[in-house]
Structure formats: structure tokens, C-alpha cells
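Bear in mind that the values here come from a model prediction, so they are computed numbers and not experimental data. Throughout, protein chains are lettered first and strands after them, A, B, ... in sequence-line order, and every chain is numbered starting at 1.
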Number of protein chains: 2
Amino acid sequence: MPTAFRLSAFLPYRLAVLSERVSRRLAVEYERSHDLSVAEWRVLAHLSRCGAVSVRDIHDCVNLEKPRVSRAVSRLESQGLVTKAPVDRDGRLLAISLTPSGRAILDDIVPKAHSVERRLREAVSPEDLATFFSVMERWHAVLDDDPDARPRSRMDVEGLDAPEAPDPATSGLPG
Amino acid sequence: MPTAFRLSAFLPYRLAVLSERVSRRLAVEYERSHDLSVAEWRVLAHLSRCGAVSVRDIHDCVNLEKPRVSRAVSRLESQGLVTKAPVDRDGRLLAISLTPSGRAILDDIVPKAHSVERRLREAVSPEDLATFFSVMERWHAVLDDDPDARPRSRMDVEGLDAPEAPDPATSGLPG
DNA sequence: TGACTTTCATTGCAGATGCAACGATAACCG
DNA sequence: CGGTTATCGTTGCATCTGCAATGAAAGTCA
């Protein structure tokens, strides 16, 4: 008998569908009012916690390819939301930090993002939510052991509660 | 004090990271050996269950934009994996179905896809897995009530166990 | 010091993506 | 019938994406 594959019950597919739907709902908050892409939003969000960091550091922390970070940062800079400052100690590095405008936009978006998340969290019990996260973590562990899977980005593997783990190359910068 | 947003603990972000990692791991199976894109894989998988269907039907069922389905189908056709047949009863419609070659490729990929999924499922208890899916379903329900969220695609909302729910416009086609 | 390797950010480029048209066909309805 | 509307699949186009390659700047080590 011919192979029949039930895509709608397939775990990777279901994950992708939900993830995309949630992402698009969230994108409404930063796209509609501030014309930001996903990459730009992630960069801003990361900068809100980590101060002046390099492109490499952002790449390591927010699951974006380095060129994507670079372009996102350039666009944010052209909009006056971040600044790129050379690092005197290392001519290769760039110290990227938020401007007041960037901070103002974050101050507007972050509550909306939290609101979207809160509505999702409130729809399930704390126990179920904990189970959900533990399942996600175990699946990451499965992929960590799979040579055909991509490695996890640094911030995601180093624990979600750790302090910012500053890049030694850029820590101690102004900003 | 300035807004500090912990991206790595943000639910939409975490969902996106896991989903992308799983998707990329799965893509290894159909990309490396058969040079298929996600869209092409989804089209083939859908056809394996639903026989001869229209572009519109695929679009409704596998969470892909219509142009993306159209191009995926065209590329699959050029590779001899599917056929596009006109529907005599309705000149607008196209009856898309698998060729023997397409079926052969599916016969190769599907076990690999199941293997990836099995490893993930085996990493958690059946109870936790059930909880995971019920949480996903509740989040879909939250988004269903949100006017700023996109509607769910047909197959995903009509239940995962329903029979194929053939498009009345294309049902009864050869294949 | 000086050749070699590594790391950094950027750029090129081929291909994918999303959205808005478009032409063609069918359905609706007076 | 005939005109309007709706649907189907496709295409145009601006943008984004991923990957490799580039040039600049450390780091390494004899």
C-alpha cells in the first residue's frame, strides 16, 4: 500500500505552524507601529539587556545569522535607534548600543510583547506551562546529541536565568 | 529605570528557536538527499494522503501561501514528481497528483521523517506529550479569538483525525 | 620580527518569500 | 441572456535569506 503521511499530526509541522502563527501575531506589535523586522526587534531586545555588544555577540545570543544581524544593525543605525562605535582595544569589534530613540521604541513595544505573552501564559495552568517548557528543553537536548542538528546558540544553552554573561571582548564598554 | 527585555525567556522567541531547530534537522532528510524545500516536502506529504487536489486545497491544508504552493508544484512537476492535470468540470482548477517517482521519493523520506519525530517523542513521557499538545491547542484557541492574529488553516482547525475532507470542487478526480 | 592562522564585520549573489496584481474561468442574479 | 462578482492559478516585484567569500584586524609562534 502507498505511503500516506499525516502532515497535520507531524510534530515538526505542528511546531512550525504554531510558532509562525505566534510570531506573526507578535510582529503586528513591532511591524505595524514601528516598521521593525523580526531581526531588528531581536537586536533591540537583546541590547536592552546587554548594553554595548558586538555583532558577534548578538549573533550568538538571538539565533540570527551574522549577516542578518549586521544588516539589521545597519538599518537600525540609519533609523537612529542604535549606534555603532569602534572599540579602541580591538579594531575588528563594534560596540553596538541603543540610542534614546531606540530605548523609547522599546519602551513602547515591550509592554505589548508582554501582553501577547501574558495572554498565552494565562490560557494554561502553571503546571502545564512548566511541563511545556520542560518538554521543549528535552527536545533541545535530543538535538544537542544529534550530529545532524545545528548547535544551540550560546544564550539558549547557557541557561535562561544566567546574568548577561558579557562578551569579554566588549565588556566594560561605555553604554 | 530602563526597560530590559529578557528575550531568551520570551515565549514566542523560544517557540521560534525550537521550531526552527527542529525544522532544520528535518530538512536535512529531504534536502540533502532529494534537494527538496520545505514547501515541496509539504506538498508531497499532503498529496500522499489526499490524491488529486488543487493548489487552493494544498494552500488551505499545509500552511503555505498560494504563490509558494504554485511554485513548489511547478518545480516538483519539472522534476517529474507530480503532475498537473486540467479539470474538465472546472477550467480554473488543476488536479495535482503524485507520479510514481514522487511516490518513490516519499517512500524514502517518510521513514526518515518518522524517525526524527520518534526520537523527539521518545524523549518525553506520553503524559507530558499530551500536555504539550493540549497547550499548543489552547494557544491556537487564544489566537483564534484574537482579531490581530491570522486565522488557522483549514486542516489544522478541522481536527487532526478527520478524514481528508475532500474539496468538493476536486473530489472524484482520477488519481 | 614576520609568516600563518583565526576572528570580526561586511558584502555578493543566487534563490526564496510575501504581497499585490493579473488574466482566465465560473458562479451569481437581475 | 448579460453584467457583475468571486475564485483559480500564476506572475511581478521589492525585499529578505542563507551561505560563501572578502578585507581588515588581532592572535600565534618560531
Side-chain angles (χ1 to χ4, degrees), chain A residues 16 20-21 23-24 27-28 31-32 35-43 52-78 82-97 150 153-154 167-170 173, chain B residues 16 20-21 23-24 27-28 30-32 35-43 52-79 82-97 150 153-154 167-170 173:
Chain A
E20 191 191 334
R21 204 168 177 221
S23 284
R24 280 193 177 269
V28 168
E31 200 172 89
R32 184 190 281 169
D35 191 33
L36 296 178
S37 71
V38 181
E40 290 155 6
W41 149 250
R42 286 193 190 175
V43 168
V53 293
S54 65
V55 168
R56 171 69 176 194
D57 179 82
I58 302 175
H59 159 66
D60 278 343
C61 290
V62 303
N63 259 282
L64 294 173
E65 298 294 317
K66 220 175 7 162
R68 216 172 146 190
V69 173
S70 175
R71 289 189 236 256
V73 167
S74 293
R75 182 146 184 272
L76 289 170
E77 186 193 27
S78 78
V82 307
T83 57
K84 293 197 273 194
V87 175
D88 49 359
R89 182 162 27 87
D90 188 332
R92 299 167 303 177
L93 289 173
L94 230 45
I96 297 150
S97 36
R150 290 209 174 172
S153 72
R154 203 187 72 200
D167 185 340
T170 57
L173 289 171
Chain B
E20 190 190 334
R21 203 168 177 221
S23 284
R24 279 194 177 269
V28 168
Y30 50 72
E31 201 171 88
R32 184 190 282 169
D35 192 33
L36 296 178
S37 70
V38 180
E40 289 155 7
W41 149 250
R42 286 194 189 174
V43 167
V53 293
S54 64
V55 169
R56 169 70 175 191
D57 180 82
I58 301 175
H59 159 66
D60 278 343
C61 290
V62 303
N63 260 282
L64 295 173
E65 298 294 316
K66 221 175 8 161
R68 216 171 145 191
V69 173
S70 175
R71 290 188 235 255
V73 166
S74 293
R75 182 145 184 272
L76 289 171
E77 186 194 27
S78 78
Q79 295 175 312
V82 306
T83 57
K84 293 197 273 195
V87 174
D88 49 0
R89 182 161 27 85
D90 187 333
R92 299 168 303 178
L93 289 173
L94 230 46
I96 297 150
S97 35
R150 289 210 175 173
S153 72
R154 203 188 72 202
D167 184 341
T170 57
L173 289 170

Heteroatom pairs (N/O) under 3.5 angstrom, protein to nucleotides 25-29 of chain D:
unit_1: D:dA25; atom_1: O3'; unit_2: A:G91; atom_2: N; d: 3.3
unit_1: D:dA26; atom_1: OP1; unit_2: A:G91; atom_2: N; d: 2.8

Practice item. Enter the distance from A:I96:CD1 to A:L76:CG here, rounded to the nearest 0.5 Å. Key: 9.5 Å
Point to revise | Distance, rounded to the nearest Å, where B:R42 contributes CZ and C:dA16 contributes P | key: 16 Å
**Study point:** salt bridge (charged side-chain N to carboxylate O under 4.0 Å, His left out) against B:E20, all qualifying residues, sequence neighbours excluded
**Key:** B:R24
Study note, to complete from the structure: From NE2 of A:H59 across to C1' of D:dT17 the rounded distance in Å is 15 Å
Tabulate protein N/O versus nucleotide N/O from nucleotides 18-21 of chain D, keeping only pairs under 3.5 Å, one per line.
unit_1: D:dG18; atom_1: OP1; unit_2: B:R24; atom_2: NH2; d: 3.4
unit_1: D:dG18; atom_1: O6; unit_2: A:R71; atom_2: NH2; d: 2.8
unit_1: D:dC19; atom_1: OP1; unit_2: A:R150; atom_2: NH2; d: 3.1
unit_1: D:dC19; atom_1: OP2; unit_2: A:R150; atom_2: NH2; d: 2.9

Review point. With B:K84, which residues qualify under side-chain hydrogen bond (donor to acceptor under 3.5 Å, both in side chains), at least two apart?
Key: B:S74
Point to revise | Between P of C:dA26 and CZ of B:R56, the distance in whole Å | key: 17 Å
Review point. Rounded to whole angstrom units, what separation is found between the CG atom of B:L94 and the P atom of D:dT10?
Key: 6 Å
**Study point:** B:R150/B:E65 ion pair, N-O < 4.0 Å
**Key:** yes
Practice item. Provide, to the nearest angstrom, the distance between the NZ atom belonging to B:K84 and the P atom belonging to D:dG9. Key: 10 Å
Point to revise | Atom pair CG (A:D57) and CG (A:L93), whose distance is rounded to the nearest 0.5 Å | key: 10.0 Å
**Study point:** For atom CG of A:L36 and atom P of D:dC16, their distance in whole Å
**Key:** 12 Å
Practice item. To the nearest Å, give me how far apart CG (B:L93) and P (C:dA27) are. Key: 9 Å
Practice item. Could you tell me whether A:K66 and A:D60 have a side-chain N and a carboxylate O separated by less than 4.0 Å? Key: no
Study note, to complete from the structure: Walking DNA chain D from its 5' end, the first of A:R75 and B:S74 to be reached, judged by nearest nucleotide, is B:S74
Review point. Mind checking what makes salt bridge (charged side-chain N to carboxylate O under 4.0 Å, His left out) contact with A:R71, not counting sequence neighbours?
Key: none
Review point. Do the side chain of B:E40 and the main chain of B:S37 share a donor and acceptor less than 3.5 angstrom apart?
Key: yes
Exercise for review: With sequence neighbours left out, write down each residue that passes salt bridge (charged side-chain N to carboxylate O under 4.0 Å, His left out) with A:R21, or none if nothing qualifies.
Suggested key: B:D144
Check your understanding: Is any side-chain nitrogen or oxygen of A:S70 closer than 4.0 Å to OP1 or OP2 of C:dT10?
Key -> yes
**Study point:** Whole angstrom value for the distance that separates P of D:dC8 from CD1 of B:I96
**Key:** 12 Å
